[in-house]
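This is a predicted model, so every value here is computed, not measured.
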Amino acid sequence: MIYDIKKELRSFTYITSVYKCISAYNLKGHQIGRKIGDMLEILTMAGIYKCPDLISHLDTEGKLEGFSTAGHKVEFGFYQNLSQKTGLFGAIECKCVGVEETTAGKGKNHLRNLSDNECFTIELNAHWMEHPISQTVTLISHTTDTVNIKLTNSQNTCSDKIKMSIGENIKLIITEKQELIHITPSGNMLEEIPEIIRICKTIKLDNITNGLCQFSLYNCLTGPQTIEKAKQVSFVAMDLRKKIDGHWGKEEISEKKRHMNFLHVICEYSHWEEKSRNVIKTCIDHNIIVPDAVLIKSFEFFEAQFGAQNMLNKISKKNYLASREIRDVIEQVFLFFDNHIFYDLSLESYIKFDYQNKSLLVREI
């Protein structure tokens with residue numbers, strides 16, 4: 001199947017379906033977040049290995065020196081003479097910006113302490129919404145390690161009762177259709193929310209002490225650090241371009257005369273806001289998206305092959321090179337999507353990596 005990536009492309013930021021997928025694993029955010037980046041890298045490495053002519057020029061995790069004499073560590077660099085590290089002609093940098101969960105308030109303002117029959121209300125509003133929506137959480141009863149709560153929202157008169165244990169959380173979500181949905185601790189966001197998530201808040205049960213139940217509230221943000229990553233990767237592209245081709249800007253030299261091409265491979269693109277998108281489009285030769293659907297299918301294939309508890313240790317470039325079994329799993333992903341894994345933003349089409357006339361190129365497929 002060839003996935004229609006236009007279903008994911010929007011003019012606004014939103015929380016990716018990858019977040020829905022990894023939430024089901026119930027792992028610490030930084031732990032699974034790193035593995036999204038690692039999955040992006042091994043998919044990119046697999047794309048490189050599909051071009052045998054590129055492999056003999058490939059330097060992985062090397063440090064490339066730019067015009068400024070700064071050393072830039074990139075995932076994949078390409079030299080005409082690999083053994084002597086001379087004749088740099090291309091680089092591929094991978095960037096992943098995930099969901100960031102931050103406390104909903106400074107200090108201890110994100111905490112709510114309830115006794116039985118007490119409640120608190122959460123507002124879920126945004127400038128694009130036609131009407132404000134709120135969710136009221138009422139503590140019905142509790143034991144030493146569990147609570148029973150009732151959720152009542154302002155959209156309608158219905159309510160729902162949920163049981164939570166210490167350490168568990170529920171998620172309050174506003175979809176693209178401005179509908180409020182809550183996900184229970186045992187829920188599956190990927191299955192229960194087919195629509196785009198515009199707003200997501202988390203309510204976690206922290207502890208129960210002397211009849212007082214403490215909840216903490218979190219906001220799920222769509223990568224607030226994207227602008228810093230955009231500036232960082234853009235400087236690397238410009239610094240290398242200036243050293244190799246003598247120009248800072250990509251518009252200052254025609255593609256036919258370039259000796260250096262810089263490719264930027266991104267996942268969870270919906271987390272990049274407009275100003276960050278403009279920066280990378282202005283400064284970088286090719287910005288390439290790996291769709292959410294590809295990453296999700298990759299995790300599903302790894303889970304099917306290795307199990308949810310063991311798969312994370314398998315996801316790395318080192319393991320991809322060392323293990324035929326892992327390479328076979330990644331190949332399943334490529335076959336599933338008919339090799340349509342990388343989408344070039346400027347070309348508006350799927351591409352593959354290529355090597356011709358001593359250059360790193362992208363070819364439409």
Just by modelled atom types, is the [Y] backbone N or O under 3.5 Å from a matching donor or acceptor in the [X] side chain?
X	Y	result
Arg327	Tyr320	yes
Ser359	Leu361	no
Ser154	Ser134	yes
Glu364	Leu347	no
Lys35	Ile315	yes
Glu168	Lys204	no
Gln80	Lys358	yes
Arg112	Asn109	yes
Asp344	His286	no
Asn261	Leu360	yes

For [X] and [Y], which I'm curious about, is there any donor-acceptor pair between the side chains at under 3.5 Å?
X	Y	answer
Ser83	Asn81	yes
Ser165	Asp145	no
Lys163	Asn148	no
Ser276	Glu273	yes

When rounded to the nearest 0.5 angstrom, what is the spacing between [atom1] in [X] and [atom2] in [Y]?
X	Y	atom1	atom2	answer
Trp248	Met238	CH2	CE	6.5 Å
Ile2	Tyr350	CD1	OH	8.5 Å
Gln135	Ile170	CD	CD1	7.0 Å
Ser316	Glu41	OG	CD	9.5 Å
Ile197	Met189	CD1	CE	3.5 Å
Met39	Leu312	CE	CG	8.5 Å

Let me check something: do [X] and [Y] share a hydrophobic cluster, defined by ILVMFWY side-chain heavy atoms less than 4.5 Å apart, either directly or through other members?
X	Y	result
Val279	Ile288	no
Ile140	Val137	no
Phe67	Phe262	no
Ile196	Ile22	no
Leu151	Tyr218	no

Where is the tightest heavy-atom contact between [X] and [Y], given as atom of each residue plus distance?
X	Y	value
Ser56	Leu82	O-CD2, 3.5 Å
Lys250	Lys281	NZ-O, 2.8 Å
Val294	Val333	CG1-CG1, 4.0 Å
Asn113	Glu118	O-OE1, 4.0 Å
Leu64	Gly77	CD1-CA, 4.5 Å
Cys21	Ile296	CB-CG1, 3.9 Å

For this session: Give the intermediate values and the outcome of side-chain contact (heavy atoms from CB on, under 4.5 Å) for residues Arg363 and Gln356.
Result: CA-CA 11 Å; Arg363 298 289 186 196; Gln356 270 193 4; 2.6 Å; yes

Exercise. Run the side-chain contact (heavy atoms from CB on, under 4.5 Å) check on Tyr269 and Asn287 step by step: do they pass?
Worked result: CA-CA 10 Å; Tyr269 181 64; Asn287 292 283; over 6 Å; no

Exercise. Just wondering, are more than 12 heavy atoms of other shown residues or ligands nearer than 6.0 Å to CD in Glu274?
Worked result: no

For this session: Check the angle between the aromatic planes of Tyr14 and Phe12 and answer parallel, tilted or perpendicular using the 30° and 60° thresholds.
Result: perpendicular

For this session: Please state whether the rings of Phe342 and Phe353 are parallel, tilted or perpendicular, taking 30° and 60° as the class boundaries.
Result: tilted

Exercise. Are Glu228 and Lys231 close enough, and set up right, to give a salt bridge (Lys or Arg N to Asp or Glu O under 4.0 Å), and what steps lead you there?
Worked result: CA-CA 5 Å; Glu228 296 305 322; Lys231 290 188 289 187; 3.4 Å; yes

Can we say [X] and [Y] salt-bridge, meaning some charged N sits less than 4.0 Å from an Asp/Glu carboxylate O?
X	Y	value
Lys171	Glu101	yes
Lys20	Asp292	no
Lys242	Asp239	no
Glu61	Lys317	yes
Lys297	Glu300	yes

Does a side-chain heavy-atom distance below 4.5 Å link [X] with [Y]?
X	Y	answer
Leu221	Val99	no
Ile365	His340	yes
Arg241	Asp285	yes
Gln214	Leu212	no
Phe120	Leu217	yes
Ser270	Thr13	no
Ser68	Phe235	yes
His271	Tyr19	no

For this session: May I have the step-by-step check of side-chain contact (heavy atoms from CB on, under 4.5 Å) for Glu192 and Ile183, ending in yes or no?
Result: CA-CA 8 Å; Glu192 297 179 39; Ile183 302 296; 3.4 Å; yes

Seminar exercise, completed: The complete set of salt bridge (Lys or Arg N to Asp or Glu O under 4.0 Å) pairs with one or both residues in residues 77-88, sequence neighbours excluded, reads Asp59-Lys85

For this session: Apply the ring-ring contact (aromatic ring centres under 6.0 Å, His included) test between His57 and each candidate in Phe78, Tyr79, Phe89; give the one that qualifies.
Result: Phe89

Exercise. Please walk me through it: do Glu8 and Tyr3 pass side-chain hydrogen bond (donor to acceptor under 3.5 Å, both in side chains)?
Worked result: CA-CA 10 Å; Glu8 295 182 8; Tyr3 178 70; 2.9 Å; yes

Exercise. Run the side-chain contact (heavy atoms from CB on, under 4.5 Å) check on Val329 and Phe306 step by step: do they pass?
Worked result: CA-CA 10 Å; Val329 175; Phe306 304 112; 4.1 Å; yes

For this session: Test the Lys50-Phe334 pair against the cation-pi criterion, namely NZ or CZ under 6.0 angstrom from the six-membered ring centroid and within 45° of the ring axis.
Result: yes

